[in-house]
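For reference, the structure is listed below as structure tokens.
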Amino acid sequence: MDLVTPQDIEAAQHRIRTVAGPSAAVRTPLLPLIGIENREIWVKPENLQPTGAFKIRGALNAIAALPEPVRARGVVAYSSGNHARAVAHAAHAFGVPATVVVPHTAPAAKIAATRELGAEIVPVEAADRESTAKRITAERGATLVPPFDDLAVIAGQGTVGLEIAADLDVDVVVVPVSGGGLLSGVATAIRARRPAAKIIGVEPELAADARESLHAGRRVSWPVGLRTRTGADGLTAQPSELTFRHLLERVDDIVTVSESEIDAAVGHLARRARIVAERSGAVAVAACLHRELPPGRTVAVVSGGNIDAGDLASLLGRAVTSGG
């Protein structure tokens with residue numbers, strides 16, 4: 001099985017940079033995070049992207065890499081929210097049609113933002129997302145842009161790792177994991193540029209299939225009903241054969257965090273770093289707050305910030321009441 005190479009990620013970085021103006025991906029900075037004793041922590045705030053999450057990188061690279069006649073026939077995606085918005089954004093940037101298959105349970109704010117970018121929205125049951133997207137792709141002669149099971153998408157997400165390695169002599173990189181595209185890409189880039197660094201994935205305890213799979217050395221499937229119990233709605237997918245191979249070869253460990261720890265991390269980021277993070281985006285910081293990780297200079301990737309305003313206010317109010 002071919003895996004993404006550091007050269008693929010470097011090419012993706014160049015390709016993504018050719019998209020300029022309001023549609024461009026942001027080169028996000030590293031920001032220091034205070035309030036964690038005995039650790040040097042920086043956060044990589046991918047919530048600052050135009051679409052509010054890292055997914056724009058993979059979507060732009062995958063669509064930019066298509067030959068123009070193929071791209072003109074349009075793209076199809078399936079997603080619970082952030083990838084949907086990213087594909088719609090990238091398709092809009094290139095002036096091509098986009099169709100996005102979403103679960104009925106997807107956050108309304110994320111779907112509204114996707115529709116505003118001109119994408120056609122097709123709501124289905126969560127278990128039917130991928131099969132429906134593949135059917136539409138075949139019917140329309142379009143190109144499927146998967147959320148993670150794709151070399152071009154993984155390479156695009158890997159540009160997060162290139163930027164981290166360029167900005168810091170990092171010892172530990174902590175990354176959210178669900179389908180595994182972001183972690184696969186970041187791990188590939190960090191292994192090439194900072195080979196001694198430890199690479200740790202993080203996922204919710206209620207959707208811990210990737211951790212169980214990594215520790216077992218084989219993919220372990222969790223039913224959709226179990227994985228969707230978590231409030232971190234962007235972390236309910238499972239690694240594919242492609243991403244799992246990357247995780248086996250390039251990731252040191254995967255740890256889990258509880259729902260209350262994730263909520264506390266959302267509040268900590270807002271109060272201590274002035275960063276708005278959704279639950280899925282805050283799990284790496286939750287691990288830094290509540291788990292024993294390898295020592296040294298640490299970067300936690302905040303993968304997204306598309307949280308409902310009322311939900312954020314509720315989490316912050318709860319933290320104030322509890323004295324957090």
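The figures that follow rest on heavy atoms only: side chains count, while hydrogens, waters and symmetry mates do not. Nothing fancy with the numbering, it's 1 onward along the sequence.
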TODO: With sequence neighbours excluded, tell me which residues meet salt bridge (Lys or Arg N to Asp or Glu O under 4.0 Å) with E116.
DONE: none
Task: Counterpart residues, salt bridge (Lys or Arg N to Asp or Glu O under 4.0 Å), relative to D308 (two or more places apart) - done: none
If only atom types and distance count, is the side chain of [X] paired as donor or acceptor with the main-chain N or O of [Y] below 3.5 Å?
X: R57; Y: A25; answer: no
X: H290; Y: A265; answer: no
X: H246; Y: G185; answer: no

Open item on the list: Regarding T5 and D8, do their side chains bring together a donor and an acceptor under 3.5 Å, going by distance alone?
Closed with: yes
Open item on the list: Can you pull out every salt bridge (Lys or Arg N to Asp or Glu O under 4.0 Å) where at least one residue sits in residues 237-248? Sequence neighbours excluded, please.
Closed with: R219-E241
Identify the heavy atoms of [X] and [Y] that sit nearest to each other, and give their distance.
X: H268; Y: I34; result: NE2-O, 3.1 Å
X: A300; Y: A284; result: CB-CB, 3.9 Å
X: P97; Y: A72; result: CD-O, 3.9 Å
X: V202; Y: V283; result: CG1-O, 3.4 Å

Task: Chi angles and distances behind the side chain to side chain contact (heavy atoms under 4.5 Å, CB included) call for Q157, S184 - done: CA-CA 8 Å; Q157 319 306 24; S184 295; over 6 Å; no
TODO: Please round to the nearest 0.5 Å and tell me the distance separating atom CG of L214 and atom CG of L248.
DONE: 6.0 Å
